Every structure is written in structure tokens, then in C-alpha cells.
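Since the structure comes first, as C-alpha cells, the remarks are kept for the end.
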Amino acid sequence: MLAEKNIQQTVPQYKQSSYQIVEFPSFADRLVQWQLAHGRHSLPWQGTRDPYVIWISEVMLQQTQVNTVIPYFERFMATFPNVAALAAASVEAVLALWSGLGYYSRGRNLHRTACILQTQYDGKFPKDAASLQQLPGIGRSTAAAIAVFAVGERVAILDGNVKRILARYFGIGTYPSEKKTEQHLWELAEDLLPSTQDHQVLTAYTQGLMDLGALVCTRAQPHCQRCPLQVDCKAYRDNLTATLPAAKPKKILPTKEVAHLILLNQGHVLLTKRPTSGIWGGLWCFPEVTVDQNGIDYCAENLCLQVERQTELAPLNHTFTHFKLTIYPQILRLISHQSSWKKSDRENNYLWVGIEEALTCAIPAPVRKLLLAVQPVLRTFMHE
DNA sequence: TAAACGTGGGA
DNA sequence: TTCCCAAGTTT
């Protein structure tokens, strides 16, 4: 068995009998055995030690749930099967596949890192977590995950799953992302690592933390009956699983309002590329103006385009992590015989595209929603 | 260091 | 509806 040679950490209260020494399996041993029997083994990025595959999956999984990631991962691997293919692509092509997944700096950093690997590392990945962590978009926990799964390095991860498991197991009542608590959790995570260097054990252990967090030690209504750590879990003992880990301090989200101008002409829609910094960095969006700006005037003054008809659409609410946005969309149908209408082009960060093609571009989720809402309207126009 | 950075699902 | 937050990193 994989873990039997690794029974070293013990739970003191179980070996205090002077009549017989009962070695109770360590935290790590119980987790490893549980993972092998009950964990996930068939996710699309499992069963390989290819660091490229592991890297892409780990980055996609940052702050994103498995079921959301799977289709994105499949598309991404089919299009960019290796570092060379990713490095050879444009950032825009990468962001197009990232469209809808959120946190777009992840996509930009993925491309940056692929280029760095290609030009400075002979297209290969460094073999240790410390080196991996120097690459854009790879922090301490992601670097550790890649190093464990790819080469079996003995390093600790600390993601949301691990924070929740440890907060409950040790009965830690302070907010896990508060600096001092997080430092403590990193130390615990390192202390709990299996003492072996065995690749398969370290993989099962690391995967076991994620699987336990996702399947058993869930945020709401954890399944403690099925937990291999239940016997010495402080939160379970003290009936605190509902209150640990401590909730994030609440903040009231500010609300912003903007108008989005959906310019239509001859079956095409106008998109403009947002600056790299800020929300939706590097993505194609509708021209955005303040709610008190007149869309028709904006078109005339800034784009030299004459509007034939203006139609307001229902407001669209979109919530980010740090603010709420209400989008007031308006369709602006151009007078169709303007010689200059298609002059806006990629070099100016403007792009006229057919609506089907627009849906394949690097666009954020609300723009996709609006494009889908506008599709039938556009067909009506085409038939007039 | 606190804040920026997306989106969708579950309760 | 509203709130919480998920395989975090960067600035």
C-alpha cells in the first residue's frame, strides 16, 4: 500500500494506553487513503504528469469551480496543446477562448508565461515550485500544485479548500485570509505534509485536500459522517462546522452605471478594445459612455457616424467581486450609406464585425448576453 | 497591504 | 432577490 510506510504522525490520545500501543493513522495517511478510495481520479487534467496540462488546469481553477472550468479546459487544450502553440498564438486568441471565464489577467499571464518559457527556458517548465512561482500568474499555491502533480515535489498548497479544512480541523476562529492567520495556515499545511517523497502519495495527498474540500468538507452542510478527519476535528467536536471558517468581513459594494452603445450597420456591430489595465482588460466591448451622454451625439462627434434610429434595451445588472454595474444598452442603427462607416479598424482599437463573428471574439459575459439579445433585432433590420 | 480583478452556482 | 464565494495572484 502506498501510505503504510508513512505512518509517523500520530494522534497522542490514541497511544496513551500502557497495555497496547495503537498507532492511529496520521492526518496525511487518512487523507491519502480516503483520496484513493473516494477522491476524484477522472477529471480531464488528471492522469498526466505533463506540466503544461497541469499548469493550464491550475490557473483556470483559480477562484473557479471545476464544473465551470471543464468546457474551457477542453477547448483550450484542443486549440493550444502545448507551450509552443500557446506562445505562437496572439493574446487576443487566448482571451477569445477565455471569454466568459473571468479574471482575464489569468489568460494574459498564461500567454506571457508561455512566451517566457519558449524564449528563456527552451520551451520547458522549471522543475521546482520556487522557480515556477517566478512566472507570471503562478503564485505560491499554484506553483506548489504544479510541482506536486508534475514532479512529486514535497510542497504544500493552500487554497480555499485547505483553508476551510484546516480552520475546521484545528478550530481556527479568525478569518483565514487575514495575514497572520494565513501565515499560520501555511505553517500548518507544511507540517501536515506526508513525510515521504513518494510522488504518488504526495499527489494523492494534495488531490485529497482539494477533493475533501469540494466533496465532504463543503462550505455549507459538510458531510462529516464521511470525513476521515472527523475523529479529531475540533469543529466537529465542538459543533462549530457551521461557523468555521470565519466569514469574510462584509463590505458594501459600490454601484456604477454606464451606457453601452450598440452600433449596427449592414449586419455588423461596432466593438472597441478596452485598455489592458482595469476591468475586462484587453477585451472587445461596445463603446461605453456615461448615462447622461447622448448616444446619437457621441456617434456624430467621436465616430463621425450618423444615427437613423435609437432603441433602448432593458438595463442589465452585472455584479463583480468589488462593485455592481448597471448597463443601459441602446441600439443605434446607422444611416447605412455612409462611406466612412467601416473605416474604424483594429489599428484604432475599433472593429466592425458580423454578430456571429463577434460571439467568437474576446468579449466579456455581458457583451455576449447583449449580442445574443440583439441578434433577432438585427435580423429584422436586415429584412427591411 | 488592502484593493483590484469575473462569473456563475448554491442557499 | 440577495448574499456568499470557488483549485488566488498582482499591485
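Owing to the predicted nature of the structure, the values given are computational and were not obtained by experimental measurement.
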Just call it for [X]: base, sugar-phosphate, or nothing, with non-hydrogen atoms closer than 4.0 Å on any strand.
{"X": "A/G213", "answer": "nothing"}
{"X": "A/A145", "answer": "nothing"}
{"X": "A/K251", "answer": "sugar-phosphate"}
{"X": "A/V66", "answer": "base"}
{"X": "A/S57", "answer": "nothing"}
{"X": "A/K324", "answer": "sugar-phosphate"}

Among the candidates [options], find the nucleotide nearest to the side-chain atoms of [X].
{"X": "A/H322", "options": "B/dG8, C/dG8, B/dA4", "value": "B/dA4"}
{"X": "A/Q63", "options": "B/dT7, B/dA4, B/dG6", "value": "B/dG6"}
{"X": "A/R164", "options": "C/dA7, B/dT7, B/dC5", "value": "C/dA7"}
{"X": "A/A214", "options": "B/dC5, C/dA7, B/dA3", "value": "C/dA7"}
{"X": "A/D159", "options": "C/dA7, B/dG6, B/dT7", "value": "C/dA7"}
{"X": "A/Y103", "options": "C/dG8, C/dA7, B/dA3", "value": "C/dG8"}
{"X": "A/R219", "options": "B/dG6, C/dA7, B/dG9", "value": "B/dG9"}
{"X": "A/K179", "options": "C/dG8, B/dT1, B/dT7", "value": "B/dT1"}

[N] and [M]: how far apart are their [atom1] atoms, nearest whole angstrom?
{"N": "C/dT10", "M": "B/dT1", "atom1": "C1'", "result": "12 Å"}
{"N": "C/dA7", "M": "B/dA2", "atom1": "C1'", "result": "23 Å"}
{"N": "C/dT9", "M": "B/dG8", "atom1": "P", "result": "22 Å"}

*Under the ring pair (Phe, Tyr, Trp, His ring centres under 6.0 Å) rule, collect the residues that match up with A/F323, sequence neighbours excluded.*
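Expected list: A/F320.
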*Of all residues at least two apart in sequence or in a different chain, which pass the ring pair (Phe, Tyr, Trp, His ring centres under 6.0 Å) check with A/F76?*
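Here the qualifying residues are A/F80.
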Interface polar pairs with nucleotides 9-11 of chain C, N/O, under 3.5 angstrom:
{"unit_1": "C/dT9", "atom_1": "OP1", "unit_2": "A/G139", "atom_2": "N", "d": "2.8"}
{"unit_1": "C/dT9", "atom_1": "OP1", "unit_2": "A/G139", "atom_2": "O", "d": "3.3"}
{"unit_1": "C/dT9", "atom_1": "OP1", "unit_2": "A/T142", "atom_2": "N", "d": "3.1"}
{"unit_1": "C/dT9", "atom_1": "OP1", "unit_2": "A/T142", "atom_2": "OG1", "d": "2.9"}
{"unit_1": "C/dT10", "atom_1": "OP1", "unit_2": "A/G137", "atom_2": "N", "d": "2.5"}

Could you list all the side chain to side chain donor-acceptor pair (under 3.5 Å) pairs where at least one residue sits in [range], not counting sequence neighbours?
{"range": "residues 236-245 of chain A", "value": "none"}
{"range": "residues 151-168 of chain A", "value": "A/N161-A/R164, A/K163-A/S177, A/K163-A/E182"}
{"range": "residues 141-151 of chain A", "value": "A/Q62-A/T142"}

*Check whether any side-chain nitrogen or oxygen of A/W280 sits under 4.0 Å from OP1 or OP2 of B/dT7, and answer yes or no.*
yes
*Would you tell me if any nitrogen or oxygen in the side chain of A/H318 comes within less than 4.0 Å of OP1 or OP2 on B/dT7?*
yes
*Near-strand residues of residues 43-53 of chain A, defined as heavy-atom separation under 4.0 angstrom from DNA chain C*: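 Hits under 4.0 Å, by residue number: A/L43, A/W45.
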Check the distance between [N]'s [atom2] and [X]'s [atom1] and give it to me in whole angstrom.
{"X": "A/I157", "N": "C/dA6", "atom1": "CD1", "atom2": "P", "value": "14 Å"}
{"X": "A/L253", "N": "C/dC5", "atom1": "CG", "atom2": "P", "value": "13 Å"}
{"X": "A/R106", "N": "B/dT7", "atom1": "CZ", "atom2": "C1'", "value": "9 Å"}
{"X": "A/K369", "N": "B/dT7", "atom1": "NZ", "atom2": "C1'", "value": "9 Å"}
{"X": "A/L325", "N": "B/dG6", "atom1": "CG", "atom2": "C1'", "value": "12 Å"}
{"X": "A/L316", "N": "B/dT7", "atom1": "CG", "atom2": "C1'", "value": "13 Å"}
{"X": "A/E178", "N": "B/dT1", "atom1": "CD", "atom2": "P", "value": "10 Å"}
{"X": "A/M60", "N": "C/dG8", "atom1": "CE", "atom2": "P", "value": "15 Å"}

*Heavy-atom check, side chain of A/Y104 versus side chain of A/R108, under 4.5 Å*: yes
*Residue whose nearest DNA chain B nucleotide is more 5′ - A/Q65 or A/T321*: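 In this pair, the answer is A/T321.
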*asked:* Both A/Q221 and A/S105 contact DNA chain B. Taking the nearest nucleotide for each, which residue is further toward the 5' end?
replied: A/S105
*Qualifying ring pair (Phe, Tyr, Trp, His ring centres under 6.0 Å) pairs, either residue in residues 123-168 of chain A, two or more places apart*: A/W55-A/F125
*Listed once per pair and sorted, the ring pair (Phe, Tyr, Trp, His ring centres under 6.0 Å) pairs that draw on residues 178-219 of chain A, sequence neighbours left out*: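 Pairs touching residues 178-219 of chain A that pass the test: none.
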Please list, one pair per line, the donor and acceptor atoms closer than 3.5 Å that link side chains of residues 246-263 of chain A to other protein atoms, with sequence neighbours excluded.
{"unit_1": "A/E257", "atom_1": "OE2", "unit_2": "A/Y328", "atom_2": "OH", "d": "3.2"}
{"unit_1": "A/H260", "atom_1": "NE2", "unit_2": "A/E288", "atom_2": "OE1", "d": "3.1"}

*Of all of residues 240-250 of chain A, which get a heavy atom below 4.0 angstrom from DNA chain B, listed by number?*
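Heavy-atom cutoff 4.0 Å gives no residues at all.
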*asked:* Taking A/M60's backbone N and O only, do any of them form a donor-acceptor pair with A/R106's side chain (distance below 3.5 Å, no angle check)?
replied: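 A pair under 3.5 Å: yes.
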How close do [X] and [Y] get, counting heavy atoms only, and between which atoms?
{"X": "A/G39", "Y": "A/D211", "value": "CA-OD2, 3.4 Å"}
{"X": "A/T218", "Y": "A/P222", "value": "OG1-CA, 3.4 Å"}
{"X": "A/Q230", "Y": "A/C224", "value": "NE2-O, 3.0 Å"}

*With distance as the sole criterion, do the side chain of A/T68 and the base of B/dG9 form a donor-acceptor contact below 3.5 Å?*
no
*Considering residues at least two apart in sequence or located in another chain, which fulfil the salt bridge (charged side-chain N to carboxylate O under 4.0 Å, His left out) criterion with A/K124?*
A/D122
